[in-house]
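Below is one structure, written out as structure tokens; the observations come after it.
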Amino acid sequence: MTTPDRSNLKPISLWWRPQTPNPAKVVIILEELRLPYTGKFVELEDLKKAEFEAVNPNGRVPAIHDPNTNITLWESAAIISYLIATYDTTHTLTYTDAPNAFHLQQWAYFQASGQGPYFGQAAWFLLYHPEPLPSAKDRYVAETRRVVGVLDKWLGDRTREGNVWLVGNKMTYADLMFVTWNGAVGLFLKLAGREGEWDPEKEFPHFWKWQNAMMARSSFQKAMSLAKVEDVHN
Ligand SMILES: N[C@@H](CCC(=O)N[C@@H](CS)C(=O)NCC(=O)O)C(=O)O
């Protein structure tokens, strides 16, 4: 695949819903890489209809179509991997050398398989499951805390070595992949009346510092504030 001409890019179409963690991950990377994109809002009830399933057979957001390369993709981690490989030509958010490149993949897979789904199940059982299932709620809240603990311990060890990011000495796409689900924990515990179980500043100080550094970025602010979904951005 040839590298698209950065000076003449057509907007990338992004199927999404506002303020949802997986689409917002992609918005953050589009913003960080200053790529033009158009939001294509999908109503909840349209996600499993033929029109959208022609884009994503899994019937979930996000999905993208990039007219510059003619690729259609779904799964947020695969989309981010594509955007980085195609457009981060100066490697601002990535490393290409071993072992850093593989460690980035390791953390990205951990986010996609170990953080997102577990935090998502915690939110589901706390807020949406039709029957109250205390053991399922406790299991996923405990897993959420365990995953945050893994990140906090790793970042604490890194801080003692003089680095504050997951890999190498700069913020990468792997760090940014965690920020939206991290940010959802306080909200879903609060909505479930369990805010007493979440004091990250005290319990997970390295995680908290890292999370706040990413939440302060304009890419995160934009991803969380976008509501007018058909606009062209950048
Ligand atoms: N593994 C997928 C998960 C996508 C996902 O669950 N998206 C949510 C929004 S954050 C969704 O579309 N939910 C609607 C539904 O479950 O029907 C990814 O990372 O892209």
Side-chain angles (χ1 to χ4, degrees), residues 12-33 35 37-66 71-86 93 104-131 133 136 140 143-144 147 151 166 172-189 191-192 211 214-215 219-227 229-230:
I12 295 169
S13 294
L14 170 69
W15 286 267
W16 77 315
R17 299 179 50 74
Q19 277 127 40
T20 45
N22 292 306
K25 275 157 60 179
V26 173
V27 173
I28 288 170
I29 300 299
L30 289 164
E31 288 287 330
E32 291 282 346
L33 296 178
L35 293 170
Y37 60 100
T38 311
K40 290 165 92 70
F41 176 71
V42 192
E43 294 286 359
L44 214 46
E45 60 269 25
D46 293 338
L47 285 168
K48 304 291 186 291
K49 288 189 183 156
E51 190 186 340
F52 182 63
E53 282 185 351
V55 177
N56 179 357
N58 192 34
R60 291 190 170 199
V61 283
I64 64 160
H65 176 74
D66 185 347
I71 193 168
T72 302
L73 271 178
W74 45 279
E75 279 296 323
S76 56
I79 295 169
I80 289 169
S81 175
Y82 162 77
L83 293 174
I84 295 290
T86 310
L93 294 178
L104 287 180
Q105 283 185 18
Q106 162 201 282
W107 286 106
Y109 289 151
F110 177 56
Q111 189 286 316
S113 66
Q115 187 226 26
Y118 282 86
F119 290 21
Q121 291 301 306
W124 171 264
F125 283 108
L126 288 173
L127 302 177
Y128 305 114
H129 197 67
E131 300 108 39
L133 291 180
Y140 287 109
E143 272 301 301
T144 298
V147 167
L151 291 163
L166 289 174
T172 63
Y173 75 87
D175 295 287
L176 290 166
M177 283 177 70
F178 285 88
V179 65
T180 58
W181 275 113
N182 286 345
V185 178
L187 186 64
F188 64 65
L189 285 172
L191 290 172
Q211 174 67 6
M214 292 190 286
M215 287 197 306
S219 59
F220 178 83
Q221 304 291 330
K222 180 92 180 266
M224 289 296 120
S225 68
L226 279 189
V229 287
E230 303 297 340

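All ligand and atom numbering here is 1-based and tracks the order in the structure. Just so you know, residue 1 is the first one in the sequence shown, and it goes up from there.
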(message) Distance check, rounded to the nearest 0.5 Å: L30 atom CG versus K222 atom NZ?
(response) 10.0 Å

(message) Could you check whether atom CD of E51 has more than 12 heavy atoms from other residues, nucleotides or ligands sitting under 6.0 Å from it?
(response) no

(request) Let me know which of L104, T172, L151 forms a side-chain contact (heavy atoms from CB on, under 4.5 Å) with L166. (result) L151

(request) Could you name the protein residues that come within less than 4.0 Å of ligand 1, counting only heavy atoms, and order them by chain and residue number? (result) T20, P21, N22, P23, L47, K48, R60, V61, P62, E75, S76

(message) Parallel, tilted or perpendicular, judged at 30° and 60°: which one describes the rings of F125 and H129?
(response) tilted

(request) Could you tell me whether a side-chain N or O of H65 sits under 3.5 Å from a main-chain N or O of I71, the two making a donor and an acceptor? (result) yes

(message) Holding to side-chain contact (heavy atoms from CB on, under 4.5 Å), I want the full list of residues that pass it with E75, two or more places apart in sequence or in another chain.
(response) N58, A78

